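Have a look at the structure below, then the notes.
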Amino acid sequence: SRSADKASPSTRRACYRRVEPPRSFDGPPVTPVLALRVHASVAPGDPMLPGPCATVDAIRAGVGMHRLRVAAIGCAYRDDGALRVRALGLPEHDEGVLLAELGRILERLSPRVVTWDGTAHDLALIRVRGFALGVRLPALFGPLPEPAGHVDLIDALGLRGAQSMSLAEMAAACGLSVPVGDGAASAGTSLGASRACSAASRAASELEAAIVLMLWSRLQLVRGRLSPAEHAVETARVRAFAQAVPAQHWKAFAAVLPVG
């Protein structure tokens, strides 16, 4: 869509909030990784759900993609330089702007994309809405260039199907006690309720993207690609980021992150 490509240069430069780690956090070289978490809202006027905010994780069953709209895209990007986490765009941006921003990021950085059940939900919804709006997303409508690719942690852990777990369940199993994917917000139609809903979706998508990135690091640990010390460095990097960001949801996250 035309509006999707009109994000200002300052908005595009603010894709991520960047926090440099202390020198003591230097770890092994890593392939650039972008952990994604999408939150969806129900299309205006749709009677399917009582409220306008619901995570993709919470509505994976029984809601067709045609009823959903992209409400927030949380991204956690990790390369050799730093960790960066942000919900794309600004609270007032529509889904076309968010999708176009994601498309530019994927083209520019060529990261390995990591999701939790993104094959069936996050990436699927991005493709459906991008296609419907005519947003340019070449990286998602064809093979992603090397060293990129998509790793769905559900498939990497063999959890597709009856044994599947939600991101919240796996996070809890790994000792990450911050609630994620907690379902629909309370119903509300006022402007204030809509703004609160958007802020909640954006905050949750950031935290959930960070958790997906931490689960990716844990996968590298159990595969033998990271040593326990190197894995501890990755956890410390996330903790340093969370402690450096003044937003309340990051403070709460930092307080419950494992120390070791």
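Numbering starts at 1 and runs along the sequence shown. Computed from a predicted model, the values in this text were never measured in an experiment.
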[X] side-chain N/O to [Y] backbone N/O, donor-acceptor pair under 3.5 Å:
X    : Y    : result
R202 : L88  : yes
R127 : L140 : yes
E206 : A203 : no
R223 : L226 : no

Legend entry - side-chain hydrogen bond (donor to acceptor under 3.5 Å, both in side chains) between E101 and H93, intermediate numbers included: CA-CA 11 Å; E101 187 67 34; H93 284 157; over 6 Å; no

Inset, instruction - Name the orientation class of the two ring planes belonging to W250 and F241 (parallel below 30°, tilted from 30 to 60°, perpendicular beyond 60°). - result: perpendicular

Inset, instruction - Any chance you could lay out the salt bridge (charged side-chain N to carboxylate O under 4.0 Å, His left out) test for E230 and R225, step after step, and finish with the verdict? - result: CA-CA 9 Å; E230 290 166 342; R225 297 174 183 173; over 6 Å; no

Inset, instruction - Given side-chain contact (heavy atoms from CB on, under 4.5 Å), test V38 with H121 step by step and report yes or no. - result: CA-CA 8 Å; V38 175; H121 298 96; over 6 Å; no

Looking at [atom1] of [X] and [atom2] of [Y], how far apart are the two atoms once the value is rounded to the nearest 0.5 Å?
X    : Y    : atom1 : atom2 : result
L213 : L83  : CG    : CG    : 6.0 Å
S164 : L157 : OG    : CG    : 10.0 Å
H39  : D122 : NE2   : CG    : 8.5 Å

Legend entry - Those residues that, when tested against R129, pass salt bridge (Lys or Arg N to Asp or Glu O under 4.0 Å) (two or more places apart): E95

Inset, instruction - Under the salt bridge (Lys or Arg N to Asp or Glu O under 4.0 Å) rule, collect the residues that match up with R160, sequence neighbours excluded. - result: D117, D152, D155

Inset, instruction - Give a yes or no on whether a salt bridge exists between E234 and R218, defined as a side-chain N under 4.0 angstrom from a carboxylate O. - result: no

Inset, instruction - Before accepting this row, confirm whether a basic side-chain N of the pair R69/D94 lies closer than 4.0 Å to the acidic partner's carboxylate O. - result: no

Inset, instruction - Apply side-chain contact (heavy atoms from CB on, under 4.5 Å) to the pair S41 and L68, showing each step before the final yes or no. - result: CA-CA 6 Å; S41 60; L68 303 180; over 6 Å; no

List the atom of [X], the atom of [Y], and the distance in Å for their closest heavy-atom pair.
X    : Y    : answer
A124 : T119 : CB-O, 3.6 Å
L90  : R86  : CD2-NH2, 3.6 Å
L137 : G103 : CD2-CA, 3.6 Å
P111 : L106 : CD-O, 3.9 Å
A242 : A254 : CB-CB, 3.7 Å
V212 : L36  : CG2-O, 4.4 Å

Legend entry - Close side-chain approach of V85 to Y77, heavy-atom, < 4.5 Å: no

Legend entry - Pairwise side-chain contact, L34 with C75, heavy-atom cut-off 4.5 Å (strictly under): yes

Inset, instruction - Applying side-chain hydrogen bond (donor to acceptor under 3.5 Å, both in side chains), name anything that partners Q243, two or more places apart in sequence or on another chain. - result: none

Legend entry - Partner set under side-chain hydrogen bond (donor to acceptor under 3.5 Å, both in side chains) for S205, not counting sequence neighbours: none

Inset, instruction - State yes or no: do L221 and L257 share one hydrophobic cluster built from I, L, V, M, F, W and Y residues joined by side-chain heavy-atom distances below 4.5 Å, directly or via other members? - result: no

Inset, instruction - Please determine, by modelled atom types, if Q220 and H231 share a side-chain donor-acceptor pair under 3.5 angstrom. - result: no

Inset, instruction - Could you pull out all residues at least two apart from A172 that satisfy side-chain contact (heavy atoms from CB on, under 4.5 Å)? - result: none

Legend entry - Residues which pass side-chain contact (heavy atoms from CB on, under 4.5 Å) with L215, listed by chain and number, not counting sequence neighbours: W116, L153, L167, M170, C174, I211

